[in-house]
Amino acid sequence: MNRFDPRGKANRALLVGVGEYDHVDPPHGVPGPLPAVAHNLTGLQEALRGGRVFGADQITALASPDLGTFHNALREATHDAEGLLLVYFAGHAAVPSAAEPLFLQLRGAEIYRGEASVFPGAEAFDTVLGMLAASRAERIVVILDCCYAGNASHVWEQWEPFEDRRRVLLLMSVQPNHRIDAGDDTTPTPFTAELVRLLGRDGEVGFARLAADVRARMEALDLRTLRDRPWRPFSRMEAEADVLLSARGAPAQPPGSRPTLPITLRPGAPTSSTDTPGPSDDQSRLPPARRPPLPHRLRTALAALRARTRRVLDRFKRLSRPARAGVVLALALAVLGAGSVGVAALLRGSASCAPPLELRVLTDPDLEPTVTAAADAYLTSDADTDGHGCRRSGITVYGAGAADAVTALRRQTEDWREPHDEDLNPQRDVGPQPDVWIPATPADVDRVKDGQDTAAVAHLVPAGGPLAYSPVVLAVPDSVPGAGPRTRRPLSAMLGALTARTADLRVRRPDPEYADAALLATTGLYGTGTAQAADPGRAERLVAQAGPPSRTAADLLCALPEDPSADAATAALVPEFLLRTGVGCDRTTRERRTARYPDDVPAVEPTFVRVRWDHGDRDGAARDEAAKAFRTWLAGPGGRAVFARDGFRDARHRALLDGENAADGVLRAPSPRTEGAASGAMDRALERYRGAGGPGRVLYLLDDSGSMGGLWDGPSGGPGLLRQSLGGLGSGDEFAVWTVSGLGERPYTTLLRYGHHTRKEAERAVRGARVRDAEADPHAALAAALDEMHRRGTDDNRPELIVFITDDEDDGRLTGAALDDVLNKARAGKGRVPVTMVSLVSGGCDRGRPDAAISAASGGRCLDADDDLGTGLADEVARTGTGED
């Protein structure tokens with residue numbers, strides 16, 4: 001089966017869990033709340049985050065949305081996904097009668113039974129599929145955990161055109177026409193609990209395997225539906241439509257790197273993961289297939305023959321030319337009666353190909369797409385093929401956080417080889433023990449060797465110089481007016497000249513802990529002998545942003561502001577080669593950008609390093625030989641061609657490897673930095689980066705006006721959200737809480753004065769707050785808060801944040817001149833103080849709303865009820881504070 005690998009693409013996961021309903025009373029209410037569903041979202045979100053297919057910013061979780069909110073989120077996910085789109089729903093569902101289509105019941109759902117049953121507040125599953133069909137995603141996976149989930153198969157089976165159905169894979173928690181129990185309120189529902197457990201396994205997990213394993217697991221548990229029948233999850237997919245869903249721990253092999261194995265055609269071999277329910281009394285209730293002329297057994301046999309033929313042809317295409325000729329000759333002889341040889345044996349040659357030795361290649365996340373492409377090309381080249389059409393080696397490429405990889409090779413090699421502690425497990429956090437490491441700079445090798453434990457069981461052996469070269473550049477929108485030469489200046493001078501001409505210029509940089517290119521940019525950002533060198537906090541304010549930083553430079557280029565005016569004023573610190581290859585998100589990268597080349601920022605120089613492990617010498621010689629062959633190919637014409645296509649330069653001469661197709665905005669011959677990165681400078685920059693985030697100051701504004709009465713209690717109420725975020729503050733941080741209500745000279749009341757407080761003290765104070773019978777003046781409160789923070793930040797560069805939690809009921813006082821006053825204060829002062837606006841209603845952050853305008857003007861973040869408010873607010877506060885001690 002040709003499984004699609006979506007890693008590195010624009011993937012999206014939309015997780016919808018409806019556990020709370022507005023209408024639960026008879027006669028028209030749904031059966032009742034489903035507390036277990038909240039645990040579903042938490043567990044599934046964590047499983048997908050660790051699976052290396054979805055980035056944290058590619059997963060959206062919606063807790064009990066109404067129909068409109070669900071539509072908006074589905075529309076956005078459908079629009080954004082280009083690789084894999086995963087949609088998960090857990091909650092109540094209904095069908096008009098047996099064997100009829102499925103309706104997913106959202107928060108406001110009601111049930112009206114009659115001659116023609118209707119379900120206000122619910123969505124028909126065929127409408128969901130229709131919306132999904134508009135997506136450009138290459139694969140769409142839909143997972144349903146609800147009563148009657150199996151009834152969705154009827155819609156899928158009759159869906160036309162076939163091409164839409166081919167790319168949609170459907171996993172249903174139960175067979176058609178059955179209701180299921182949600183299980184214990186303190187744990188996930190039974191189906192999703194198994195789903196999370198299986199997705200959390202090490203290694204690769206594809207849809208077909210997941211569907212088969214979850215069914216086998218549920219059968220082993222002997223669970224029953226509410227009709228006292230065996231509980232049988234099942235799936236629908238077309239043959240050859242499988243997709244990778246998780247590659248946790250031991251990463252999945254990249255496409256094209258499967259080992260050459262014997263092909264054996266045997267009766268009864270599975271040919272498709274399309275799940276055909278076994279006979280039961282429920283089968284008679286299922287609708288007939290749309291095209292049923294062929295008997296079931298004949299259809300199954302034909303499907304098997306088609307699938308096997310595809311696999312045979314695919315295997316034939318992968319053989320070398322001499323091997324193909326041998327196969328053709330052997331087939332001819334067989335036809336002429338020269339021998340009785342099975343097709344599978346012919347494709348194996350006169351002797352079966354032994355499984356090739358598998359090399360594990362760890363690399364920097366920014367380099368992973370290029371190294372993967374190089375491995376794919378190498379594995380299909382003559383350099384990796386013997387005279388019998390068999391591979392000499394296989395290669396698994398995986399990326400991991402650069403700082404984590406350096407730390408693991410420095411001080412955790414024993415734990416890597418044999419984890420002893422749940423909290424210290426490089427196999428889980430980085431990946432399997434690598435045979436080859438390709439960091440983004442030779443300095444990483446020195447960083448490991450200079451600080452490596454004497455008891456280390458991993459030994460690094462660099463093989464030659466860097467494979468390629470790519471400067472780290474400041475990519476500036478062409479709409480920003482020029483400010484001096486593009487080369488021969490330090491980064492601080494370039495930024496100073498640009499910000500002097502464009503006051504609202506934003507600069508973005510990926511996470512320095514995750515990718516080395518971002519850390520190299522940080523060494524220049526902090527500077528040497530400049531004001532920034534003594535104050536990383538000041539430098540970090542230049543690149544401060546709302547929300548977490550992008551993990552890689554490619555992610556950053558795809559996450560630039562959607563608003564055209566903001567995009568036109570945002571520069572990015574990225575490796576130059578991404579101006580050529582970072583095109584998978586062209587639709588969100590509207591502004592053409594020109595590269596500027598700081599002379600104090602080291603370049604990306606991927607380096608091949610053989611990693612040898614103590615007591616790993618049983619096949620050490622063979623691994624040395626395989627690694628050497630791969631390195632030789634990478635440094636030769638084959639590898640150079642791959643690096644050239646991705647926009648890299650020659651490692652020695654700094655010339656573009658593919659000068660004929662240079663990216664727009666790139667200089668063909670810039671004045672390159674002559675020396676590479678220094679290990680000590682990188683370590684110091686990383687240490688200073690980690691210390692630049694605190695201690696901080698946070699000022700909370702909590703709306704306690706009368707309209708907040710229905711949004712006050714519980715973890716999702718205003719005080720509950722505030723309390724959840726306190727974990728991001730430590731003993732060194734200062735914070736205060738104001739309650740916002742009242743008009744005139746006192747638009748707020750100090751609930752907790754500025755200072756250092758324990759979490760217990762703060763929670764006690766917040767719990768004592770009560771809703772007042774009064775209106776709020778958000779303009780006056782925000783203006784006073786901005787003045788207060790500007791005053792406190794006069795003499796230092798400590799991180800600061802204002803948080804305003806409100807229901808937007810009094811936004812009428814935040815328009816016209818009042819709004820302009822707040823926006824001007826948000827942009828003014830020594831440095832902008834980010835304002836995180838937290839709206840407890842849907843649409844509070846829509847374009848044109850005051851919350852969106854204020855957060856954008858201040859460089860802060862806007863969160864509304866369509867977001868995960870608890871997680872989002874906690875993240876913002878954690879980036880400002882030092883965290884609990």
With a 4.5 Å cut-off on side-chain heavy atoms, are [Y] and [X] touching?
X      : Y      : result
Asp444 : Thr607 : no
Asp599 : Pro490 : yes
Pro439 : Val609 : yes
Glu625 : Ser393 : no
Asp614 : His459 : yes
Lys449 : Pro462 : yes

Does any N or O in the side chain of [X] come within less than 3.5 Å of the main-chain N or O of [Y], such that one atom is a donor and the other an acceptor?
X      : Y      : value
Tyr689 : Glu513 : no
Thr594 : Asp478 : no
Asp650 : His653 : yes
Gln452 : Leu409 : yes
Asp242 : Ala208 : yes

If you measure only the distance, is there a donor-acceptor pair under 3.5 Å linking the side chains of [X] and [Y]?
X      : Y      : result
Asp516 : Thr441 : no
Tyr597 : Glu576 : yes
Arg508 : Thr570 : no

Query raised in the report: Glu82 and Arg136: salt bridge (Lys or Arg N to Asp or Glu O under 4.0 Å), yes or no, with the steps?
Result: CA-CA 5 Å; Glu82 296 175 359; Arg136 291 172 294 176; 3.7 Å; yes
Query raised in the report: Only one of Val472, Leu556, Thr522 forms a side-chain contact (heavy atoms from CB on, under 4.5 Å) with Arg509, so which one is it?
Result: Thr522
Query raised in the report: Stepwise, does the salt bridge (Lys or Arg N to Asp or Glu O under 4.0 Å) test hold for Asp435 with Arg360?
Result: CA-CA 5 Å; Asp435 300 300; Arg360 299 178 297 267; 3.7 Å; yes
Report task. Taking only Lys NZ, Arg NE, NH1 and NH2, and the carboxylate oxygens of Asp or Glu, determine whether Arg551 and Asp57 approach each other closer than 4.0 Å. Result -> no
Query raised in the report: Thinking salt bridges, do Asp384 and Arg392 make one under a 4.0 Å N-O criterion?
Result: no
**Report entry** side chain to side chain contact (heavy atoms under 4.5 Å, CB included) against Ala553, all qualifying residues, sequence neighbours excluded
**Finding:**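 Residues passing side chain to side chain contact (heavy atoms under 4.5 Å, CB included) with Ala553: Asp366, Pro510, Val574, Pro575, Leu578.
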